[in-house]
Each structure stands twice: as structure tokens, then as C-alpha cells.
Amino acid sequence: MPAARQLEQARSKGLCTSCCMRRARPGRKSCAHCRLKSSIYGLFRTRRKTSTQGLNSLVKGYDKTWVKQVLDTFNGRCDYTGKPIEIDGEETATVVLDIPRSYVPIHGQSKIHHPSNVKWCHRDFVDYKRGMTGTEFKDLWIFINDGK
């Protein structure tokens with residue numbers, strides 16, 4: 001976390017207040033890269049409330065390297081549709097859980113909240129995927145495109 005003086009300088013220069021290196025997105029305090037890192041980090045939080053851990057605590061077994069592992073898998077294409085995606089610029093890249101959180105009772109929390117279950121997706125398709133597994137969504141995508 002940057003010191004107060006660094007934050008003030010970053011704000012005055014229009015830089016991200018998280019990393020103090022890249023330009024902040026228009027009308028925002030953070031850059032696209034830091035926003036994306038925060039989104040990835042959020043995928044490793046539970047949504048249940050326990051008396052000792054509080055709301056949205058990290059999943060058991062969380063490792064600090066997981067966010068970097070997910071960022072390293074970025075190849076500029078949506079894992080489901082193959083369409084080009086961007087982190088900067090138009091910011092079309094986002095991350096989703098291949099097997100959704102609703103499958104935790106079936107597969108267990110350690111399989112759902114793991115970097116191997118995080119996939120890169122085009123922002124336009126996130127709402128369509130929602131509760132589907134990656135395989136179900138890919139099958140639907142193929143069906144829709146073969147019909148054209």
C-alpha cells in the first residue's frame with residue numbers, strides 16, 4: 001500500500017492509487033490491471049459468514065501466488081469463444097469460475113475456489129454463462145454458432 005504522500009502525487013498525476021504506476025481509468029482511482037487483480041482476488045473469497053472469520057473471508061488453502069497464476073494464463077483470447085480480449089484499452093477481459101460457486105456442495109470448496117478453475121472470458125458473455133459450467137457454456141456457444 002502506497003504512503004499518503006505517494007497517493008496524493010498519484011492522484012494529482014491521474015495515476016492508479018493502488019500501484020501508482022499506470023494511468024487510472026477515466027473517472028476512477030485505479031487502473032484496469034489493478035481492477036482485474038482485485039476481481040481475481042475476489043474469486044478466492046467465500047460468501048458465507050462465520051463468527052470467527054467474518055464475511056467474505058479467504059478460502060481455506062489460499063496462496064498469495066494464485067492471483068499471479070491466473071494473470072499468467074492470460075493469452076488475449078476468451079477461453080470459451082476464442083474471441084480476442086483486452087486487459088487495457090477496451091477492457092473486454094474478465095475472469096469467471098469455470099465451475100460456478102453453486103457447485104461447491106458437489107465438488108467442494110477447494111476445487112471451485114482454485115486458480116485452475118478460473119478462466120478468462122469476454123466481458124460480453126459473462127451474463128450468459130452465469131450458472132453454467134464451462135463445458136455447458138461451450139456446448140451452447142457451438143450450438144448457437146452452428147445454427148448461423
In short, R23 meets K13 closest at the heavy-atom pair NH1-O, 2.7 Å

query: Is it the case that more than 12 heavy atoms not belonging to R11 sit under 6.0 Å from its CZ atom?
result: yes

Check your understanding: How far apart are the C-alpha atoms of V59 and R45, what are their side-chain angles, what is the distance that settles it, and do they pass the side chain to side chain contact (heavy atoms under 4.5 Å, CB included) test?
Key -> CA-CA 6 Å; V59 297; R45 291 187 165 280; over 6 Å; no

* Asked: Yes or no on side chain to side chain contact (heavy atoms under 4.5 Å, CB included) for L15 and R22, after CA distance, side-chain angles and deciding distance?
  -> CA-CA 6 Å; L15 298 177; R22 298 179 214 48; over 6 Å; no

Let's go through V118 and F44 carefully: what are the C-alpha distance in whole Å and the side-chain angles of both, what is the deciding distance for side chain to side chain contact (heavy atoms under 4.5 Å, CB included) to 0.1 Å, and is it a yes or a no? CA-CA 10 Å; V118 177; F44 302 122; 4.0 Å; yes

Rounded to the nearest 0.5 Å, the CD1 atom of I99 sits from the CG atom of N117 at a distance of 5.0 Å

Value for CD1 (I85) from NE2 (H122), rounded to nearest 0.5 Å, stands at 7.5 Å

Looking only at heavy atoms, the pair that brings V96 and C121 closest together is CG2-CB, 4.0 Å

Next on the checklist: So C31 and S18, do their side chains get closer than 4.5 Å, heavy atoms only?
Outcome noted: no

* Evaluate whether atom CD of Q9 has more than 12 neighbouring non-hydrogen atoms of other residues, nucleotides or ligands under 6.0 angstrom away. => yes

The side chain to side chain donor-acceptor pair (under 3.5 Å) partners of W141 (sequence neighbours excluded) come to none

Handout entry: Transitive ILVMFWY side-chain link Y128 to L140, under 4.5 Å
Key = yes

Distance-only donor-acceptor pairs under 3.5 Å for side chains of residues 67-80, two or more places apart:
unit_1: K68; atom_1: NZ; unit_2: D72; atom_2: OD1; d: 3.4
unit_1: K68; atom_1: NZ; unit_2: D72; atom_2: OD2; d: 3.0
unit_1: T73; atom_1: OG1; unit_2: V70; atom_2: O; d: 2.6
unit_1: T73; atom_1: OG1; unit_2: W120; atom_2: NE1; d: 3.0
unit_1: N75; atom_1: OD1; unit_2: R77; atom_2: N; d: 2.9
unit_1: R77; atom_1: NH1; unit_2: G82; atom_2: O; d: 2.6
unit_1: D79; atom_1: OD2; unit_2: W120; atom_2: N; d: 3.1
unit_1: Y80; atom_1: OH; unit_2: D98; atom_2: OD1; d: 2.7

Fill in: Close side-chain approach of K83 to F125, heavy-atom, < 4.5 Å
yes

Value for SG (C34) from NZ (K29), rounded to nearest 0.5 Å, stands at 14.0 Å

May I ask you to test the D124-T92 pair for a side-chain heavy-atom distance under 4.5 Å? no

H113 and W66 have their tightest heavy-atom pair at O-CZ3, 3.4 Å

In this structure, CZ of F137 is separated from OG1 of T133 (nearest 0.5 Å) by 11.0 Å

Practice problem: Go through the steps to decide whether E136 and K129 satisfy the test salt bridge (charged side-chain N to carboxylate O under 4.0 Å, His left out), and finish with yes or no. | Solution: CA-CA 9 Å; E136 292 169 339; K129 184 195 174 294; over 6 Å; no

Check: Is there side-chain contact between M21 and H33, with heavy atoms separated by less than 4.5 Å?
Finding: no

Looking only at heavy atoms, the pair that brings E91 and A32 closest together is CD-CB, 3.5 Å

Rounding to 0.5 Å, atoms OG (S102) and NE2 (H107) come to a distance of 9.0 Å

Looking only at heavy atoms, the pair that brings E86 and E90 closest together is OE1-N, 3.1 Å

* If we only count heavy atoms from C-beta on, is the K119 to V95 side-chain gap below 4.5 Å? -> no

Smallest heavy-atom separation, C16 atom then A10 atom, equals O-CB, 3.9 Å

